[in-house]
Q: 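Sharing a structure here in structure tokens format.
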Protein chains: 2
Amino acid sequence: MKKEEKNLYDAKAKIFKALGHPTRLWITEKLAQGECCVCNLVEPLAADFSTVSKHLSVLKEAGIVEDEKRGKQVYYSLKVPCLMGFMSCVEDVIENRIREHMDLFSSRKIV
Amino acid sequence: MKKEEKNLYDAKAKIFKALGHPTRLWITEKLAQGECCVCNLVEPLAADFSTVSKHLSVLKEAGIVEDEKRGKQVYYSLKVPCLMGFMSCVEDVIENRIREHMDLFSSRKIV
DNA sequence: TGGCTGTTTGGTTATATTGCCAAATATAAC
DNA sequence: GTTATATTTGGCAATATAACCAAACAGCCA
């Protein structure tokens with residue numbers, strides 16, 4: 001990997017990494033349904049305000065979401081809806097994994 | 001987030017997390033072009049054999065790649081090609097980010 | 001101004017990840 | 001069997017992440 005190529009992969013990986021946390025993934029999907037202020041994310045996540053805020057800043061830093069202050073509240077929204085098109089593929093991966101585990105389990109029974 | 005929902009997001013996040021490392025992302029894209037043995041990945045990555053092997057096991061554990069031993073070598077291949085359809089979206093995110101940085105830069109000049 | 005609400009930032013601690021080295025394992029060749 | 005090659009595993013040190021608490025900040029209202 002050359003230096004330039006390395007930079008590109010660093011940049012791409014950063015986006016995946018940002019999505020690679022259950023809380024951030026949840027937030028991202030939530031925002032796919034429409035903008036939301038921090039205060040409305042805190043409760044369903046049952047996490048500290050500061051924790052949610054930090055997760056949001058990771059997503060923002062990655063270019064996935066954007067924020068807009070309105071009054072006392074900050075509204076976050078999904079900047080790149082195309083990300084969501086990927087979810088069915090991710091779910092396929094999970095289904096495969098489950099299926100394989102089941103195969104493993106049933107073949108054990110047979111043996 | 002309920003417990004079940006949490007499990008689903010953990011599972012999904014695991015896949016993103018696996019892709020969230022430049023080396024693993026590079027490997028994934030490489031394997032999208034066709035199967036490859038570990039020995040042929042080590043050189044272009046300029047990393048230790050054991051390092052590459054560990055990255056591959058993360059990808060395998062996530063259900064993204066699969067391996068097949070043939071002789072002395074282990075061949076890895078991409079299990080879910082649909083992942084690659086996502087890359088153009090990821091590149092869009094990066095382009096946006098670059099564009100915004102440039103805007104920031106040029107607006108500074110004006111001010 | 002002072003206080004209240006929503007949000008971010010800083011600090012700390014616990015935990016996870018990464019990358020290298022050395023050692024273990026597996027398969028092929030001699 | 002011994003040796004050589006390909007790969008995985010275990011261990012360790014450096015670094016990065018995550019979550020919470022407390023403190024700072026920003027905007028509104030009395």
Side-chain angles (χ1 to χ4, degrees), chain A residues 1 3 6-7 9-28 30-31 34-77, chain B residues 1 3 6-7 9-28 30-31 34-77:
Chain A
M1 247 200 300
K3 202 169 183 179
K6 166 83 173 128
N7 287 339
Y9 281 96
D10 280 347
K12 286 193 203 176
K14 187 177 182 178
I15 294 160
F16 284 102
K17 202 172 180 178
L19 295 167
H21 187 286
T23 301
R24 289 195 291 266
L25 201 51
W26 186 92
I27 291 173
T28 304
K30 170 83 175 167
L31 296 183
E35 63 164 26
C36 195
C37 72
V38 187
C39 50
N40 286 332
L41 295 168
V42 167
E43 201 211 313
L45 286 168
D48 199 85
F49 226 106
S50 68
T51 302
V52 175
S53 177
K54 274 176 188 169
H55 281 305
L56 284 164
S57 84
V58 172
L59 289 170
K60 184 184 166 188
E61 178 65 22
I64 295 166
V65 305
E66 56 192 346
D67 60 344
E68 190 195 332
K69 187 150 198 170
R70 289 210 291 277
K72 274 184 287 191
Q73 290 154 335
V74 178
Y75 285 85
Y76 280 86
S77 56
Chain B
M1 247 201 300
K3 202 170 183 179
K6 166 84 174 130
N7 287 340
Y9 281 95
D10 280 347
K12 287 193 203 177
K14 187 177 180 178
I15 294 160
F16 283 102
K17 201 171 178 179
L19 295 168
H21 187 287
T23 301
R24 290 195 292 267
L25 201 50
W26 186 92
I27 291 173
T28 304
K30 170 84 175 167
L31 296 182
E35 63 163 25
C36 194
C37 73
V38 187
C39 49
N40 286 332
L41 295 169
V42 167
E43 201 211 313
L45 285 169
D48 199 87
F49 225 106
S50 67
T51 301
V52 175
S53 177
K54 273 177 189 168
H55 280 305
L56 283 163
S57 85
V58 171
L59 289 169
K60 185 184 167 188
E61 176 66 21
I64 295 167
V65 306
E66 57 192 346
D67 60 343
E68 190 194 331
K69 186 151 199 171
R70 290 212 290 277
K72 273 184 288 192
Q73 289 152 337
V74 179
Y75 285 85
Y76 280 85
S77 57

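By convention in this document, chain letters (A, B, ...) are assigned in the order of the sequence lines, proteins followed by strands, and residues within each chain are numbered from 1.
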Q: Please tell me which of the listed nucleotides, D:dT9, D:dC20, D:dA6, lies nearest to the side chain of A:Asp48?
A: D:dC20
Q: Taking the side chain of A:Ser50 as its heavy atoms from C-beta onward, which of D:dT9, D:dT7, D:dC21 lies nearest to it?
A: D:dC21
Q: How long is the line joining NZ of B:Lys54 and P of C:dC21, in whole Å?
A: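 These atoms are roughly 12 Å apart.
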Q: Locate the shortest heavy-atom distance separating A:Leu41 from A:Cys36; write the atom from each residue and the value.
A: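 Shortest heavy-atom separation between A:Leu41 and A:Cys36 comes out as CD2-SG, 3.8 Å.
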Q: Both A:Lys17 and A:Val52 contact DNA chain C. Which one's nearest nucleotide lies toward the 5' end?
A: A:Val52
Q: Using purine N1 to pyrimidine N3 plus N6-O4 or O6-N4 for Watson-Crick, or N1-O2 and O6-N3 for G-U wobble, both under 3.5 Å, which nucleotide pairs with C:dT27?
A: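 Here C:dT27 is engaged in a pair, and the nucleotide opposite it is D:dA4.
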Q: Given the structure, check if the side chain of A:Lys69 and the base of C:dG6 hold any donor-acceptor pair shorter than 3.5 Å.
A: no
Q: Counting only side-chain heavy atoms from C-beta out, which of D:dA19, C:dT7, D:dT8 sits nearest to B:Ser53?
A: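 Comparing D:dA19, C:dT7, D:dT8 against the side chain of B:Ser53, the answer is D:dT8.
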Q: Check whether any side-chain nitrogen or oxygen of A:Tyr76 sits under 4.0 Å from OP1 or OP2 of C:dG6, and answer yes or no.
A: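 No, outside the criterion.
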Q: Would you say A:Asp67 and A:Leu56 make side-chain contact, with heavy atoms under 4.5 Å?
A: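 They are not in side-chain contact.
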Q: Of the listed nucleotides (D:dT7, C:dT7, D:dA19), which one gets closest to any side-chain atom of A:His55?
A: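 My answer, after comparing the listed nucleotides, is D:dA19.
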Q: Nearest whole Å is fine: how far is C:dA26 C1' from B:Phe49 CZ?
A: 13 Å
Q: Tell me if the side-chain of A:Lys72 makes a donor-acceptor pair with the base of C:dG3, cut-off 3.5 Å, by modelled atom types.
A: no
Q: Take A:Gly20 and B:Tyr75, find for each the nucleotide of DNA chain D with the closest heavy atom, and name the residue whose nucleotide sits nearer the 5' end.
A: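 Nearest-nucleotide comparison on DNA chain D picks B:Tyr75.
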Q: Write down the distance between CD (B:Glu68) and C1' (D:dT8), rounded to a whole number of angstrom.
A: 18 Å
Q: Tell me which nucleotide among D:dT7, D:dT9, C:dG6 gets nearest to the side chain of B:Gln73.
A: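 Among D:dT7, D:dT9, C:dG6, the one nearest the side chain of B:Gln73 is D:dT7.
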Q: OH of A:Tyr9 versus P of C:dT18: gap in Å, rounded?
A: 18 Å
Q: Provide, to the nearest angstrom, the distance between the CG atom belonging to B:Leu45 and the P atom belonging to C:dG19.
A: 10 Å
Q: I need the NE2-C1' distance between A:His21 and D:dA16, as an integer number of Å.
A: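 From A:His21 NE2 to D:dA16 C1': 13 Å.
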Q: For B:Arg70 and D:dT7, give me the distance from atom CZ to atom P, rounded to whole Å.
A: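 B:Arg70 atom CZ is separated from D:dT7 atom P by 11 Å.
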Q: Between A:Cys39 and B:Arg24, name the one whose nearest nucleotide on DNA chain C is closer to the 5' end.
A: A:Cys39
Q: Figure out the NZ/P separation between B:Lys60 and D:dT8, and round it to whole Å.
A: 8 Å
Q: Is the shortest heavy-atom distance from the side chain of B:Glu68 to the side chain of B:Ser77 under 4.5 Å?
A: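 Not in contact.
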Q: B:Asp10 vs B:Lys14, test: salt bridge (charged side-chain N to carboxylate O under 4.0 Å, His left out). Steps then yes/no.
A: CA-CA 6 Å; B:Asp10 280 347; B:Lys14 187 177 180 178; over 6 Å; no
Q: Report yes if some heavy atom in the side chain of A:Leu31 is under 4.5 Å from a heavy atom in the side chain of A:Ile64; otherwise report no.
A: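 When only atoms from C-beta onward are counted, A:Ile64 and A:Leu31 do not touch, as no gap falls below 4.5 Å.
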